Amino acid sequence: MTQRLYNFGAGPAALPLPVLQEIQRDLVVHPELGASVLEISHRSKWFEGVLSSAEYSLRTLLQIPADYHVLFLQGGASLQFAMIPLNFLRRDGPRADYVVTGSWGEKALAEAQKLARARAAWSGKEDGKEASYTRTPSPHEPEYAPGAAYVHYTSNETIQGVEFFEPPAAGSLPLVCDASSDFLSRPMDVARHALIYAGAQKNAGPAGVTIVIVRGDVLETVPEGLPAMLDLRLLAREHSHYNTPPVFAVYVVGLVARWLLETAGGLKKIEQANRAKSQLIYDVLDASGGFYRGHAEAASRSRMNITFRLPTEELEKTFVSEARSKGMIELNGHRSVGGIRASLYNAVPLEAAQALAEFMTEFASKHAARAS
Ligand code: PMP
């Protein structure tokens, strides 16, 4: 087999090797099916089992209360940016408040504003610059409207590398969370949220499926007459089976969730591992005497996406290409902000973070004198 490189991509991203091996085995002939997992009906008993066991593993991992639905949908987290206001806002009704800590929250808000009334209760953007989002707000900073329909936040901003470790303190207002890039990286208090959504392609599986966890009572307010594929109440009633679900992607999410439960030891364990991996890299940043400049403020810096700059763009290019030659790929920052981004999702092993930390230390000592 060609060697697998250390993959620091932001998504689609590294998947656990045992999961890939199981997929490989089942791809041509699944032992129980006598056919490929790609060839089986979404109405089959097998797929019913896949769906319910994926749901069971997610419920166990996140301790999802019984009155929440777990849905497997399509359209990416980006479709949720529109579906959430469609399902929970009225054109002339109470507005929604968004806590905007990066580019994805900004996109979510812009979609909501096309459909109803929504505004930023707080934004970390300064002078219109995408690169300025450096922190989450302190609890008293956002200004929530007392009757807001919901408060939306992005638990981890993948582009800027800014993460909430506690949900915003929005009192009794319903909380909605885009958890796409730190979903399943640590325990999460589902019961504090009305709805949580996450594209799978970072920690939970391949691209093509979006997980939505929604409390039953909030679905009661969904307006009549929405197009079926945009109607969360209908999709919940049909158990993610209104039309053909993304069978393969759900199957992989099920394998990843089982790997998390049985091999990785659950979310507390994986959180410790993620903390250790990110600490290795942040320690190098902090000890580099300013050669590496971390983007986020210390209390908000993400354990999933570590974003930083080097003294010049030219050095950043050299960094990415030298890392590549040492077997470390996908280290460039998002095209909108540049710089370097190392994503350390669940399936990125400790050895990968160690190799990156070593490389960074060497790189800095080689280039620091020249750069200053
Ligand atoms: N929210 C966050 C936090 C993301 O990281 C992403 C994708 N990188 C999205 C939303 C958009 O997801 P999708 O491409 O699945 O629509």
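On a predicted model such as this, the values are computed, not experimentally measured, just so you know. In what follows, every heavy atom counts, from backbone to side chain, and hydrogens, waters and symmetry copies are set aside. Counting convention: from 1, in listed order, for ligands and their atoms alike.
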Answer with side chain, backbone, both or neither: which part of [X] has a heavy atom less than 4.0 angstrom from an atom of ligand 1?
{"X": "S180", "answer": "side chain"}
{"X": "K202", "answer": "side chain"}
{"X": "E157", "answer": "neither"}
{"X": "N156", "answer": "backbone"}

Could you list the atoms of ligand 1 found under 4.0 angstrom from a heavy atom of [X]?
{"X": "F81", "answer": "10 (C)"}
{"X": "G76", "answer": "15 (O), 16 (O)"}
{"X": "T158", "answer": "2 (C), 3 (C), 4 (C), 5 (O)"}

salt_bridge([X], [Y]) N-O dist < 4.0 Å:
{"X": "D97", "Y": "R119", "value": "yes"}
{"X": "E322", "Y": "K317", "value": "no"}
{"X": "R301", "Y": "E297", "value": "no"}
{"X": "R303", "Y": "E271", "value": "yes"}
{"X": "E220", "Y": "R215", "value": "no"}
{"X": "E163", "Y": "R135", "value": "no"}
{"X": "E111", "Y": "K114", "value": "yes"}

Residue, atom name and distance, where the atom is the protein heavy atom closest to [atom]:
{"atom": "atom 6 (C) of ligand 1", "answer": "W104 CE2, 3.5 Å"}
{"atom": "atom 1 (N) of ligand 1", "answer": "D178 OD2, 2.6 Å"}
{"atom": "atom 16 (O) of ligand 1", "answer": "S78 OG, 2.6 Å"}

Should T154 be counted as touching ligand 1, given the test is an N or O pair under 3.5 Å?
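No; every N/O pair is 3.5 Å or more apart.
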
Could you say whether the N/O atoms of A77 and ligand 1 ever approach to under 3.5 Å?
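Between A77 and ligand 1, an N or O pair is found under 3.5 Å apart.
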
Using the six-membered ring wherever Trp is involved, compare the ring planes of F81 and Y197 and label them parallel, tilted or perpendicular (cut-offs 30° and 60°).
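Because their plane-to-plane angle is over 60°, the rings of F81 and Y197 count as perpendicular.
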
For the residue pair F363 and F291, does the interplanar ring angle fall in the parallel (under 30°), tilted (30 to 60°) or perpendicular (over 60°) class?
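Tilted: the ring planes of F363 and F291 meet at 30° to 60°.
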
Which one of Q201, Q74, Q80 has a non-hydrogen atom at the shortest distance from atom 15 (O) of ligand 1?
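Residue with the shortest heavy-atom distance to the ligand atom: Q201.
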
